[in-house]
Amino acid sequence: MALTTSTNNQALLDAQLELWHTSFAFIKSMALKSAVDLGIADAIHSHGGNATLPQIVSRAALHPSKIPCLRRLMRVLTAAGIFSAAHRSPDDGGGELVYGLTPASQLLVGGSSSLAPFMSLVLHQVYVSPFLGLGTWLQHERSDPTLFEMTHGLTAWDLNDHKPAFGELFNQGMVCDSSFVMDIVVKECGDVFRGLSSLVDVAGGLGAAALAISTAFPHVQCSVLDLPHVAANAPANTSVKYIAGDMFESIPPADAVFLKWVLHDWGDADCIKILKNCKKAIPSRDAGGKVIIVDMVVGGQSSNNKHKETQVLFDLFIMTINGAERDEHEWKKIISEAGFSDYKIIPVLGVRSIIEVYP
(Lines give C-alpha, C1' and ligand atoms only; values in the text may rest on other atoms or scores of the structure.)
Protein backbone atom coordinates (compact mmCIF):
# COMPACT_ATOMS: atom_id res chain seq x y z
CA MET A 1 0.00 0.00 0.00
CA ALA A 2 2.79 2.42 0.93
CA LEU A 3 4.60 1.56 -2.29
CA THR A 4 1.44 2.23 -4.33
CA THR A 5 0.95 5.60 -2.63
CA SER A 6 4.56 6.52 -3.23
CA THR A 7 4.23 5.53 -6.90
CA ASN A 8 1.07 7.62 -7.27
CA ASN A 9 2.74 10.62 -5.65
CA GLN A 10 5.72 10.30 -7.98
CA ALA A 11 3.34 10.19 -10.94
CA LEU A 12 1.71 13.39 -9.71
CA LEU A 13 5.07 15.08 -9.33
CA ASP A 14 6.08 13.94 -12.82
CA ALA A 15 2.84 15.38 -14.19
CA GLN A 16 3.48 18.67 -12.40
CA LEU A 17 7.01 18.72 -13.82
CA GLU A 18 5.60 18.29 -17.33
CA LEU A 19 3.31 21.29 -16.83
CA TRP A 20 6.08 23.41 -15.32
CA HIS A 21 8.55 22.47 -18.03
CA THR A 22 6.09 23.47 -20.75
CA SER A 23 4.91 26.62 -18.97
CA PHE A 24 8.41 27.96 -18.44
CA ALA A 25 9.62 27.02 -21.94
CA PHE A 26 8.98 30.59 -23.12
CA ILE A 27 11.78 31.74 -20.80
CA LYS A 28 14.24 29.62 -22.79
CA SER A 29 13.14 31.45 -25.94
CA MET A 30 13.51 34.84 -24.28
CA ALA A 31 16.93 33.86 -22.92
CA LEU A 32 17.98 33.05 -26.48
CA LYS A 33 16.58 36.39 -27.64
CA SER A 34 18.67 38.17 -25.01
CA ALA A 35 21.79 36.29 -26.12
CA VAL A 36 21.17 37.35 -29.74
CA ASP A 37 20.39 40.96 -28.80
CA LEU A 38 23.53 41.19 -26.66
CA GLY A 39 25.78 39.43 -29.15
CA ILE A 40 26.97 36.90 -26.56
CA ALA A 41 28.07 34.41 -29.24
CA ASP A 42 30.17 37.14 -30.88
CA ALA A 43 31.64 38.06 -27.50
CA ILE A 44 32.76 34.47 -26.86
CA HIS A 45 34.01 34.11 -30.44
CA SER A 46 36.12 37.27 -30.09
CA HIS A 47 38.02 35.59 -27.24
CA GLY A 48 38.91 32.57 -29.33
CA GLY A 49 35.72 30.61 -28.67
CA ASN A 50 35.97 30.56 -24.86
CA ALA A 51 35.26 33.42 -22.47
CA THR A 52 34.64 34.16 -18.83
CA LEU A 53 31.72 36.25 -17.60
CA PRO A 54 33.82 39.44 -17.19
CA GLN A 55 35.11 38.99 -20.75
CA ILE A 56 31.57 38.60 -22.06
CA VAL A 57 30.40 41.63 -20.09
CA SER A 58 33.15 43.85 -21.47
CA ARG A 59 32.46 42.83 -25.05
CA ALA A 60 28.68 42.95 -24.78
CA ALA A 61 28.80 46.37 -23.06
CA LEU A 62 26.91 45.25 -19.97
CA HIS A 63 27.28 46.96 -16.62
CA PRO A 64 29.59 44.94 -14.34
CA SER A 65 26.89 44.94 -11.65
CA LYS A 66 24.89 42.62 -13.90
CA ILE A 67 27.47 39.80 -13.80
CA PRO A 68 25.42 37.77 -11.26
CA CYS A 69 22.34 38.13 -13.49
CA LEU A 70 24.33 37.22 -16.60
CA ARG A 71 25.59 34.12 -14.79
CA ARG A 72 21.99 33.00 -14.30
CA LEU A 73 21.13 33.74 -17.92
CA MET A 74 24.12 31.71 -19.08
CA ARG A 75 23.09 28.87 -16.76
CA VAL A 76 19.78 28.64 -18.64
CA LEU A 77 21.49 28.81 -22.03
CA THR A 78 24.03 26.13 -21.12
CA ALA A 79 21.28 23.88 -19.78
CA ALA A 80 19.51 24.38 -23.12
CA GLY A 81 22.67 23.43 -25.03
CA ILE A 82 23.16 26.84 -26.66
CA PHE A 83 26.52 27.38 -24.91
CA SER A 84 28.91 25.09 -23.05
CA ALA A 85 30.44 25.74 -19.63
CA ALA A 86 33.49 24.26 -17.91
CA HIS A 87 35.74 25.26 -15.05
CA ARG A 88 38.99 26.81 -16.12
CA SER A 89 40.82 23.86 -14.59
CA PRO A 90 39.31 20.36 -14.43
CA ASP A 91 40.50 20.12 -10.82
CA ASP A 92 39.08 23.52 -9.90
CA GLY A 93 35.48 22.58 -9.18
CA GLY A 94 34.72 25.85 -7.47
CA GLY A 95 36.70 28.08 -9.81
CA GLU A 96 35.75 30.42 -12.60
CA LEU A 97 33.54 29.10 -15.37
CA VAL A 98 34.58 29.47 -18.98
CA TYR A 99 31.81 29.53 -21.56
CA GLY A 100 32.24 28.11 -25.04
CA LEU A 101 30.41 27.90 -28.32
CA THR A 102 28.36 24.84 -29.25
CA PRO A 103 27.28 23.98 -32.81
CA ALA A 104 24.06 25.91 -32.11
CA SER A 105 25.71 29.11 -30.89
CA GLN A 106 28.31 28.95 -33.66
CA LEU A 107 25.38 29.67 -35.99
CA LEU A 108 24.79 32.93 -34.09
CA VAL A 109 28.28 34.33 -34.66
CA GLY A 110 28.14 37.31 -36.99
CA GLY A 111 28.97 36.81 -40.64
CA SER A 112 27.37 35.74 -43.88
CA SER A 113 26.36 32.34 -42.45
CA SER A 114 24.89 33.68 -39.18
CA LEU A 115 21.30 32.80 -38.33
CA ALA A 116 21.08 35.62 -35.79
CA PRO A 117 18.87 37.80 -38.05
CA PHE A 118 16.34 34.97 -38.44
CA MET A 119 16.30 34.35 -34.68
CA SER A 120 15.81 38.08 -34.07
CA LEU A 121 12.86 38.01 -36.44
CA VAL A 122 10.94 35.03 -35.03
CA LEU A 123 11.61 36.14 -31.43
CA HIS A 124 10.59 39.75 -32.06
CA GLN A 125 7.66 40.99 -29.99
CA VAL A 126 5.70 41.54 -33.21
CA TYR A 127 5.55 37.76 -33.69
CA VAL A 128 5.54 36.77 -30.01
CA SER A 129 2.72 39.04 -28.78
CA PRO A 130 -0.10 37.52 -30.90
CA PHE A 131 0.14 34.29 -28.93
CA LEU A 132 -1.09 36.08 -25.81
CA GLY A 133 -4.47 36.33 -27.56
CA LEU A 134 -4.57 32.86 -29.10
CA GLY A 135 -7.32 31.57 -26.80
CA THR A 136 -9.54 34.59 -27.51
CA TRP A 137 -8.97 34.31 -31.28
CA LEU A 138 -9.92 30.63 -31.26
CA GLN A 139 -13.34 31.59 -29.88
CA HIS A 140 -14.06 33.64 -33.02
CA GLU A 141 -16.20 32.02 -35.71
CA ARG A 142 -14.12 33.18 -38.66
CA SER A 143 -10.40 33.02 -39.42
CA ASP A 144 -10.46 36.69 -40.51
CA PRO A 145 -8.97 38.76 -39.11
CA THR A 146 -5.90 36.60 -38.58
CA LEU A 147 -4.45 36.35 -35.09
CA PHE A 148 -1.62 38.60 -36.27
CA GLU A 149 -4.05 41.18 -37.63
CA MET A 150 -6.24 41.01 -34.53
CA THR A 151 -3.17 41.87 -32.45
CA HIS A 152 -1.57 44.56 -34.62
CA GLY A 153 -4.43 45.91 -36.75
CA LEU A 154 -2.42 45.15 -39.90
CA THR A 155 -1.49 42.06 -41.88
CA ALA A 156 2.10 40.88 -41.57
CA TRP A 157 2.85 42.16 -45.09
CA ASP A 158 1.29 45.58 -44.44
CA LEU A 159 3.23 45.89 -41.18
CA ASN A 160 6.46 45.36 -43.09
CA ASP A 161 5.54 48.34 -45.28
CA HIS A 162 4.31 50.56 -42.44
CA LYS A 163 7.33 49.91 -40.21
CA PRO A 164 10.43 50.11 -42.44
CA ALA A 165 12.79 49.05 -39.63
CA PHE A 166 10.81 45.87 -39.04
CA GLY A 167 10.51 45.35 -42.79
CA GLU A 168 14.30 45.49 -43.02
CA LEU A 169 14.60 42.96 -40.18
CA PHE A 170 12.14 40.72 -42.02
CA ASN A 171 14.19 40.91 -45.22
CA GLN A 172 17.43 40.20 -43.34
CA GLY A 173 15.86 37.21 -41.61
CA MET A 174 14.58 35.75 -44.87
CA VAL A 175 17.89 36.31 -46.66
CA CYS A 176 19.96 34.66 -43.93
CA ASP A 177 17.62 31.65 -43.79
CA SER A 178 17.75 31.30 -47.57
CA SER A 179 21.52 31.54 -47.61
CA PHE A 180 21.83 28.92 -44.88
CA VAL A 181 19.48 26.32 -46.33
CA MET A 182 20.48 26.92 -49.97
CA ASP A 183 24.14 26.34 -49.17
CA ILE A 184 23.14 22.86 -48.03
CA VAL A 185 20.70 22.34 -50.91
CA VAL A 186 23.26 23.02 -53.65
CA LYS A 187 25.91 20.87 -51.92
CA GLU A 188 23.78 17.91 -50.92
CA CYS A 189 20.95 17.96 -53.46
CA GLY A 190 22.61 19.05 -56.68
CA ASP A 191 20.87 16.32 -58.67
CA VAL A 192 17.62 18.28 -58.26
CA PHE A 193 18.99 20.99 -60.59
CA ARG A 194 20.91 18.84 -63.06
CA GLY A 195 19.49 18.84 -66.56
CA LEU A 196 17.74 22.19 -66.12
CA SER A 197 18.52 25.13 -68.36
CA SER A 198 16.18 27.62 -66.70
CA LEU A 199 14.51 28.13 -63.34
CA VAL A 200 12.19 30.77 -61.90
CA ASP A 201 12.15 31.38 -58.15
CA VAL A 202 8.58 32.41 -57.33
CA ALA A 203 8.18 34.96 -54.51
CA GLY A 204 11.95 34.80 -54.24
CA GLY A 205 12.37 38.23 -52.67
CA LEU A 206 15.82 39.67 -53.17
CA GLY A 207 17.04 36.51 -54.84
CA ALA A 208 19.25 34.83 -52.23
CA ALA A 209 18.07 31.34 -53.24
CA ALA A 210 18.21 32.00 -56.98
CA LEU A 211 21.69 33.49 -56.68
CA ALA A 212 22.91 30.42 -54.78
CA ILE A 213 21.53 28.14 -57.51
CA SER A 214 22.97 30.32 -60.30
CA THR A 215 26.41 30.37 -58.65
CA ALA A 216 26.50 26.61 -58.10
CA PHE A 217 25.03 25.77 -61.51
CA PRO A 218 26.05 28.51 -63.97
CA HIS A 219 24.34 26.70 -66.86
CA VAL A 220 20.93 27.30 -65.24
CA GLN A 221 19.43 30.66 -66.19
CA CYS A 222 17.77 31.83 -62.96
CA SER A 223 15.11 34.48 -62.54
CA VAL A 224 13.05 35.73 -59.61
CA LEU A 225 9.36 36.59 -59.75
CA ASP A 226 8.03 38.88 -57.04
CA LEU A 227 5.70 41.83 -56.57
CA PRO A 228 6.72 45.11 -58.24
CA HIS A 229 7.74 46.88 -55.02
CA VAL A 230 10.02 43.93 -54.14
CA ALA A 231 11.53 43.63 -57.60
CA ALA A 232 12.20 47.39 -57.59
CA ASN A 233 14.63 46.90 -54.69
CA ALA A 234 16.43 43.92 -56.21
CA PRO A 235 20.23 44.05 -56.31
CA ALA A 236 21.87 45.04 -59.58
CA ASN A 237 24.75 43.41 -61.46
CA THR A 238 23.94 39.80 -60.56
CA SER A 239 23.49 36.72 -62.71
CA VAL A 240 19.82 36.62 -61.72
CA LYS A 241 17.02 38.29 -63.67
CA TYR A 242 14.28 39.99 -61.63
CA ILE A 243 10.70 40.03 -62.92
CA ALA A 244 7.86 42.08 -61.45
CA GLY A 245 4.62 40.16 -61.37
CA ASP A 246 2.04 38.25 -59.34
CA MET A 247 2.17 34.46 -58.90
CA PHE A 248 -1.63 34.42 -58.69
CA GLU A 249 -1.84 35.88 -62.20
CA SER A 250 0.91 34.09 -64.13
CA ILE A 251 4.43 32.68 -63.80
CA PRO A 252 7.15 33.13 -66.45
CA PRO A 253 8.02 29.96 -68.40
CA ALA A 254 11.01 27.91 -67.25
CA ASP A 255 12.14 24.30 -67.02
CA ALA A 256 11.50 24.41 -63.28
CA VAL A 257 9.63 26.56 -60.80
CA PHE A 258 11.24 26.94 -57.37
CA LEU A 259 9.07 27.56 -54.29
CA LYS A 260 10.97 27.99 -51.03
CA TRP A 261 8.76 28.57 -48.00
CA VAL A 262 6.00 30.04 -50.16
CA LEU A 263 3.03 27.69 -49.99
CA HIS A 264 2.94 27.54 -46.20
CA ASP A 265 1.81 31.18 -46.23
CA TRP A 266 -1.44 30.27 -47.99
CA GLY A 267 -4.54 28.14 -47.57
CA ASP A 268 -5.30 25.19 -49.83
CA ALA A 269 -7.36 27.10 -52.41
CA ASP A 270 -4.62 29.69 -52.94
CA CYS A 271 -1.91 27.01 -53.05
CA ILE A 272 -3.80 25.11 -55.73
CA LYS A 273 -4.09 28.30 -57.78
CA ILE A 274 -0.35 28.96 -57.46
CA LEU A 275 0.50 25.37 -58.37
CA LYS A 276 -1.79 25.46 -61.41
CA ASN A 277 0.09 28.54 -62.62
CA CYS A 278 3.36 26.67 -61.99
CA LYS A 279 2.09 23.79 -64.14
CA LYS A 280 1.32 26.19 -67.00
CA ALA A 281 4.86 27.60 -66.80
CA ILE A 282 6.81 24.35 -67.13
CA PRO A 283 7.19 21.78 -69.93
CA SER A 284 6.08 18.16 -69.69
CA ARG A 285 7.77 15.71 -67.35
CA ASP A 286 9.43 14.00 -70.31
CA ALA A 287 10.95 17.38 -71.27
CA GLY A 288 12.30 17.84 -67.72
CA GLY A 289 9.56 20.06 -66.32
CA LYS A 290 9.01 20.09 -62.57
CA VAL A 291 8.24 22.21 -59.53
CA ILE A 292 10.81 22.19 -56.71
CA ILE A 293 9.36 22.95 -53.29
CA VAL A 294 11.40 23.52 -50.12
CA ASP A 295 9.08 23.29 -47.13
CA MET A 296 8.10 21.12 -44.18
CA VAL A 297 6.38 17.78 -44.40
CA VAL A 298 4.98 17.42 -40.90
CA GLY A 299 5.80 14.01 -39.47
CA GLY A 300 7.84 13.27 -42.57
CA GLN A 301 10.09 10.23 -42.61
CA SER A 302 12.07 11.13 -39.49
CA SER A 303 11.69 9.38 -36.16
CA ASN A 304 13.35 12.34 -34.43
CA ASN A 305 10.85 13.72 -31.89
CA LYS A 306 12.57 17.11 -31.87
CA HIS A 307 11.99 17.35 -35.64
CA LYS A 308 8.26 16.74 -35.30
CA GLU A 309 7.87 19.02 -32.28
CA THR A 310 9.68 21.83 -34.13
CA GLN A 311 7.47 21.28 -37.17
CA VAL A 312 4.20 21.48 -35.24
CA LEU A 313 5.46 24.49 -33.29
CA PHE A 314 6.30 26.25 -36.53
CA ASP A 315 2.87 25.30 -37.89
CA LEU A 316 1.27 27.11 -34.94
CA PHE A 317 3.65 30.03 -35.50
CA ILE A 318 2.62 30.37 -39.14
CA MET A 319 -1.06 29.97 -38.20
CA THR A 320 -0.93 33.53 -36.84
CA ILE A 321 -1.04 34.75 -40.46
CA ASN A 322 -3.42 31.95 -41.56
CA GLY A 323 -0.54 29.93 -42.99
CA ALA A 324 -0.14 26.19 -42.51
CA GLU A 325 2.47 23.47 -42.60
CA ARG A 326 1.25 20.22 -44.15
CA ASP A 327 1.74 16.50 -43.68
CA GLU A 328 2.25 14.24 -46.70
CA HIS A 329 -1.47 13.54 -47.11
CA GLU A 330 -2.21 17.28 -47.19
CA TRP A 331 0.60 17.93 -49.68
CA LYS A 332 -0.68 15.11 -51.89
CA LYS A 333 -4.16 16.63 -51.87
CA ILE A 334 -3.17 20.08 -53.17
CA ILE A 335 -0.62 18.64 -55.62
CA SER A 336 -3.24 16.31 -57.10
CA GLU A 337 -5.96 18.96 -57.24
CA ALA A 338 -3.58 21.27 -59.09
CA GLY A 339 -3.33 18.66 -61.85
CA PHE A 340 0.11 17.16 -61.21
CA SER A 341 0.70 13.46 -61.79
CA ASP A 342 3.32 12.59 -59.18
CA TYR A 343 5.71 13.90 -56.51
CA LYS A 344 8.79 12.81 -54.58
CA ILE A 345 9.74 13.88 -51.06
CA ILE A 346 13.45 14.15 -50.30
CA PRO A 347 13.86 14.55 -46.48
CA VAL A 348 17.40 15.92 -46.40
CA LEU A 349 17.05 19.38 -44.83
CA GLY A 350 16.42 18.70 -41.16
CA VAL A 351 12.86 19.81 -40.38
CA ARG A 352 12.37 20.74 -44.03
CA SER A 353 12.29 18.64 -47.16
CA ILE A 354 12.61 19.05 -50.90
CA ILE A 355 9.46 18.04 -52.75
CA GLU A 356 9.78 17.46 -56.49
CA VAL A 357 6.41 17.77 -58.24
CA TYR A 358 5.93 16.44 -61.76
CA PRO A 359 3.31 17.43 -64.37
Side-chain angles (χ1 to χ4, degrees), residues 178 181-182 184-205 207-227 231 238-297 300-301 326 328-349 352-359:
S178 284
V181 75
M182 289 308 301
I184 296 172
V185 166
V186 298
K187 290 176 180 176
E188 301 293 332
C189 315
D191 288 346
V192 171
F193 305 102
R194 302 199 193 284
L196 300 177
S197 60
S198 60
L199 175 146
V200 57
D201 181 5
V202 172
L211 187 58
I213 296 169
S214 177
T215 301
F217 307 99
H219 63 280
V220 181
Q221 182 181 352
C222 293
S223 57
V224 173
L225 173 74
D226 216 314
L227 295 172
T238 75
S239 57
V240 173
K241 179 182 178 182
Y242 293 87
I243 302 169
D246 186 339
M247 62 186 174
F248 288 104
E249 299 296 329
S250 65
I251 292 172
D255 289 344
V257 174
F258 188 73
L259 297 167
K260 176 191 167 291
W261 264 23
V262 174
L263 298 182
H264 72 191
D265 288 338
W266 305 96
D268 285 1
D270 286 327
C271 284
I272 291 168
K273 187 172 184 179
I274 294 167
L275 287 170
K276 283 182 175 180
N277 285 339
C278 292
K279 190 170 183 289
K280 294 175 184 176
I282 59 176
S284 67
R285 182 174 185 176
D286 290 341
K290 62 182 173 181
V291 178
I292 304 167
I293 300 171
V294 175
D295 215 316
M296 293 184 185
V297 180
Q301 299 177 31
R326 296 172 170 87
E328 183 173 355
H329 175 76
E330 291 164 328
W331 276 113
K332 183 177 181 179
K333 176 178 180 292
I334 63 172
I335 288 169
S336 175
E337 291 187 18
F340 289 87
S341 64
D342 199 7
Y343 67 92
K344 179 172 69 174
I345 297 173
I346 310 171
V348 292
L349 299 175
R352 288 178 277 196
S353 294
I354 294 175
I355 309 171
E356 287 189 313
V357 183
Y358 310 108

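Quick note: residue numbers are just sequence positions, from 1.
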Donor-acceptor under 3.5 Å (Asp226 side chain, Gly205 main chain): yes

Is there a donor-acceptor pair closer than 3.5 Å between any side-chain N or O of Asn277 and the backbone N or O of Phe248? yes

Please name the pair of heavy atoms, one in Leu196 and one in Ala256, separated by the smallest distance, quoted to 0.1 Å. CD1-CB, 3.7 Å

For Ser341 and Pro359, indicate whether the former's side chain and the latter's backbone hold a donor-acceptor pair under 3.5 Å. yes

What's the shortest heavy-atom distance between Lys276 and Ala338, and which atoms? CG-O, 3.6 Å

Side-chain ion pair, Lys273 and Asp270, N-O less than 4.0 Å: no

Is Asp268 salt-bridged to Arg326, going by a charged N under 4.0 Å from an acidic O? yes

If you measure from CD1 on Ile335 to OH on Tyr358, what distance do you get to the nearest 0.5 Å? 10.5 Å

How many angstroms lie between atom CZ of Phe258 and atom CG of Leu225, to the nearest 0.5 angstrom? 14.0 Å

Atom CH2 of Trp266 and atom CE of Met247: how far apart are they, to the nearest 0.5 Å? 5.0 Å

Side chains of Val185 and Lys260 in contact at under 4.5 Å (non-hydrogen atoms): no

From Leu275 CG over to Leu259 CG, what is the distance, rounded to the nearest 0.5 angstrom? 6.5 Å

When you measure from the side chain of Asp255 to the backbone N and O of Ser197, does any donor-acceptor pair fall under 3.5 Å? yes

For residues 279-294, run the donor-acceptor check on the side chains, cut-off 3.5 Å, and write out each pair with its distance to 0.1 Å, sequence neighbours left out.
from, atom 1, to, atom 2, distance (Å)
Ser284, OG, Ala287, N, 3.3
Lys290, NZ, Val192, O, 2.6
Lys290, NZ, Glu356, OE2, 2.6

Take Ser239 and Leu211 through the side chain to side chain contact (heavy atoms under 4.5 Å, CB included) test and state the conclusion after the steps. CA-CA 7 Å; Ser239 57; Leu211 187 58; 3.8 Å; yes

Could you give the distance from NE2 (His219) to OG (Ser198), rounded to the nearest 0.5 Å? 10.5 Å

Atom CD of residue position Glu337 - does it have more than 12 heavy atoms of other residues, nucleotides or ligands inside 6.0 Å? yes

Begin with the C-alpha distance, continue with both residues' side-chain angles, and end with the deciding distance and a verdict on side chain to side chain contact (heavy atoms under 4.5 Å, CB included) for Val357 and Trp331. CA-CA 10 Å; Val357 183; Trp331 276 113; over 6 Å; no

What are the two closest heavy atoms between Asp201 and Ala209, and how far apart are they? OD2-CB, 3.7 Å

Between the side chain of Ser353 and the main-chain N/O of Ile355, is any donor-acceptor distance below 3.5 Å? no

Roughly how far, to the nearest 0.5 Å, is CZ of Phe217 from CZ of Arg194? 5.0 Å

Taking only residues two or more places apart in sequence, or in another chain, which ones meet Ala231 in a side chain to side chain contact (heavy atoms under 4.5 Å, CB included)? Ala244

Are there over 12 heavy-atom neighbours, none belonging to Glu330, within less than 6.0 Å of that residue's CD? yes

